[in-house]
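A short worksheet on the structure shown next.
Fair warning: this is a prediction, and the values are worked out from it, not measured in the lab. We name chains A, B, ... by the order of the sequence lines, and we start the count at 1 in each one.
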Number of protein chains: 2
Amino acid sequence: MEKNLKSRATINRMQQKGLELFYQKGYYTTSLDDILKALQLSKGAFYYHFQSKEDFMVSIVQHLLFRKVYSMLIEPIEGKEDPFRNIETCLENALEIAEHNPMDFGFVLGNFMNEFNGKNENVSRYLNDICKAWEVSLVTALQKGKSDGYLERHHDSEGIATFVISSYFGVRSLMVGGNPRMLRYQYMQQLRCYFKSMALKSTF
Amino acid sequence: MEKNLKSRATINRMQQKGLELFYQKGYYTTSLDDILKALQLSKGAFYYHFQSKEDFMVSIVQHLLFRKVYSMLIEPIEGKEDPFRNIETCLENALEIAEHNPMDFGFVLGNFMNEFNGKNENVSRYLNDICKAWEVSLVTALQKGKSDGYLERHHDSEGIATFVISSYFGVRSLMVGGNPRMLRYQYMQQLRCYFKSMALKSTF
DNA sequence: GGGGAGACAGACCTGTCGGTCGGTCGGTGA
DNA sequence: TCACCGACCGACCGACAGGTCTGTCTCCCC
């Protein structure tokens with residue numbers, strides 16, 4: 001049992017560092033040696049715990065990425081209040097973290113989806129599942145918002161969710177290139193403008 | 001002189017195929033041999049015309065990508081009419097092309113920006129320049145729109161441009177994953193909704 | 001206290017990558 | 001006709017990738 005604990009600790013360290021480096025330098029352009037060197041571990045250690053590089057990546061997505069996206073982007077918008085307000089503050093927080101800590105997990109998702117699209121169907125599927133979960137939570141929040149009178153019923157919840165996800169992935173992509181503070185400000189202002197045009201009980 | 005023509009033809013073929021494969025499979029995951037095999041050419045031919053793989057990529061960005069982005073995303077919105085209308089039809093066209101032909105150049109730009117961010121400063125610079133050119137053209141169109149009474153002066157043109165670019169990059173990214181037709185429809189509907197909330201002389 | 005299993009070390013294998021380099025070939029001008 | 005040059009060929013190189021395999025260390029259990 002003590003052994004099992006040590007094993008888990010090592011696996012966690014590997015996954016953490018793996019996510020970090022894969023995100024920073026890209027999956028295909030980061031070698032296992034890069035990760036193992038940073039952790040002071042060997043090939044033997046790696047292949048003792050994982051079957052392959054791809055298996056390693058899948059484990060990162062399933063265990064680390066999913067949890068992070070859930071806690072940062074899904075859970076915060078499950079409130080009972082104005083869905084626009086919830087989504088807005090949620091994204092504002094995410095972008096604020098992204099400004100200081102380069103590894104905000106909402107965008108890690110988008111980044112990986114881009115990298116694996118058309119290259120690795122297996123990993124892509126897991127990533128798409130997470131993205132889908134985010135989308136569903138957005139749609140659910142918006143539908144509830146309709147019941148609670150925050151937006152009119154004729155609005156397309158799925159469309160709004162798509163637009164929110166798209167714009168967020170996009171702006172995070174731009175932020176990596178520079179001027180994160182300004183981009184965040186501009187983005188949030190426009191998002192508010194967009195939401196405002198649909199809101200009924202305006203709390204803006 | 002005849003020789004020079006042949007040389008240019010070969011260079012063009014290489015750049016075309018290079019862009020195609022780099023976009024489909026990624027720059028770092030596409031080998032020169034992949035490209036040369038598709039063209040029935042040899043390493044010797046490649047290194048006769050280009051100094052390195054990076055040099056090759058830069059030449060593609062400068063010559064092919066820039067021109068395409070210019071003709072597809074910049075030129076079409078330089079009209080005198082309603083900037084919202086212009087941008088809208090421009091993106092609609094781009095997405096329509098993207099739906100049938102997987103290589104729409106607006107997104108090739110976004111895709112490459114993602115891939116080279118933080119990995120190759122040299123290539124990134126050229127890509128950012130093109131993106132900046134697009135942004136400038138959007139801002140210019142919006143500013144002219146203010147003069148012509150299509151939107152109120154208090155709106156932030158830079159912010160709108162950022163939001164448009166972000167959302168477009170984002171939705172194109174999602175489209176690669178599947179359901180391009182639906183995503184395009186949803187995106188355009190929401191974009192119209194967003195624009196409508198700012199338009200003065202509504203032509204919608 | 002010794003043996004067996006878990007956790008890891010690291011040399012090594014094989015394939016592929018970007019890049020090099022001597023050689024080839026067809027057209028062209030003298 | 002023959003030297004020459006632009007355009008190209010393809011064998012080869014060293015670096016490095018993912019993955020394998022054998023050996024080793026350290027606990028725990030009997």
- Task: List for me each residue that meets side chain to side chain contact (heavy atoms under 4.5 Å, CB included) alongside B/E81, sequence neighbours excluded, and say none if there are none.
- Result: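 If we apply the side chain to side chain contact (heavy atoms under 4.5 Å, CB included) test to B/E81, skipping adjacent residues, the hits are B/N86.
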Between [N] ([atom2]) and [X] ([atom1]): distance, integer Å:
X     : N      : atom1 : atom2 : answer
A/Y28 : C/dT16 : OH    : C1'   : 15 Å
A/Q51 : D/dT20 : CD    : C1'   : 14 Å
B/D33 : D/dC9  : CG    : C1'   : 13 Å
B/L32 : C/dT20 : CG    : P     : 11 Å
A/K6  : D/dT26 : NZ    : C1'   : 8 Å
B/F50 : D/dC8  : CZ    : C1'   : 14 Å
B/M57 : C/dG19 : CE    : C1'   : 19 Å

Is the distance between the ring centroids of [Y] and [X] under 6.0 Å?
X      : Y      : answer
B/Y194 : B/F163 : yes
A/Y27  : A/F112 : no
B/F169 : A/F169 : no

- NA contact type, A/T29, heavy-atom cut-off 4.0 Å: base, sugar-phosphate, or nothing?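 The residue A/T29 makes no contact with any strand.
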Check this one for me: any side-chain N or O of [X] less than 4.0 Å away from OP1 or OP2 of [N]?
X     : N      : answer
A/T10 : C/dC8  : yes
A/H49 : C/dG6  : no
A/Y48 : C/dC8  : no
B/S31 : C/dT16 : no

Looking only at the side chain of [X] (C-beta and beyond, no hydrogens), which of the listed nucleotides [options] gets closest?
X     : options               : value
A/Y47 : C/dC17, D/dG18, D/dA7 : D/dG18
B/S52 : C/dG19, D/dT20, C/dC8 : C/dG19
A/K53 : D/dC8, D/dG19, C/dC8  : D/dG19
B/S7  : D/dA17, D/dA7, D/dC8  : D/dA7

- Task: Heavy atoms only: give me the nearest A/M14-A/H49 pair and the separation to one decimal.
- Result: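 Closest pair (atom of A/M14, atom of A/H49, distance): CE-CD2, 4.2 Å.
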- Return yes if a side-chain donor-acceptor contact under 3.5 Å exists between B/S166 and A/Y187, otherwise no.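 There is no such pair (donor and acceptor under 3.5 Å, judged by atom type) between the side chains of B/S166 and A/Y187.
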- Message: Tell me which residues in residues 35-46 of chain B lie within less than 4.0 Å of DNA chain D, going by non-hydrogen atoms.
- Response: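 Residues of residues 35-46 of chain B under 4.0 Å from DNA chain D: B/Q40, B/L41, B/S42, B/K43, B/G44, B/A45.
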- Okay, side chain of A/D148, backbone of A/Y150: is any donor-acceptor separation there less than 3.5 Å?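 Pair absent, no side-chain N/O of A/D148 close to backbone of A/Y150.
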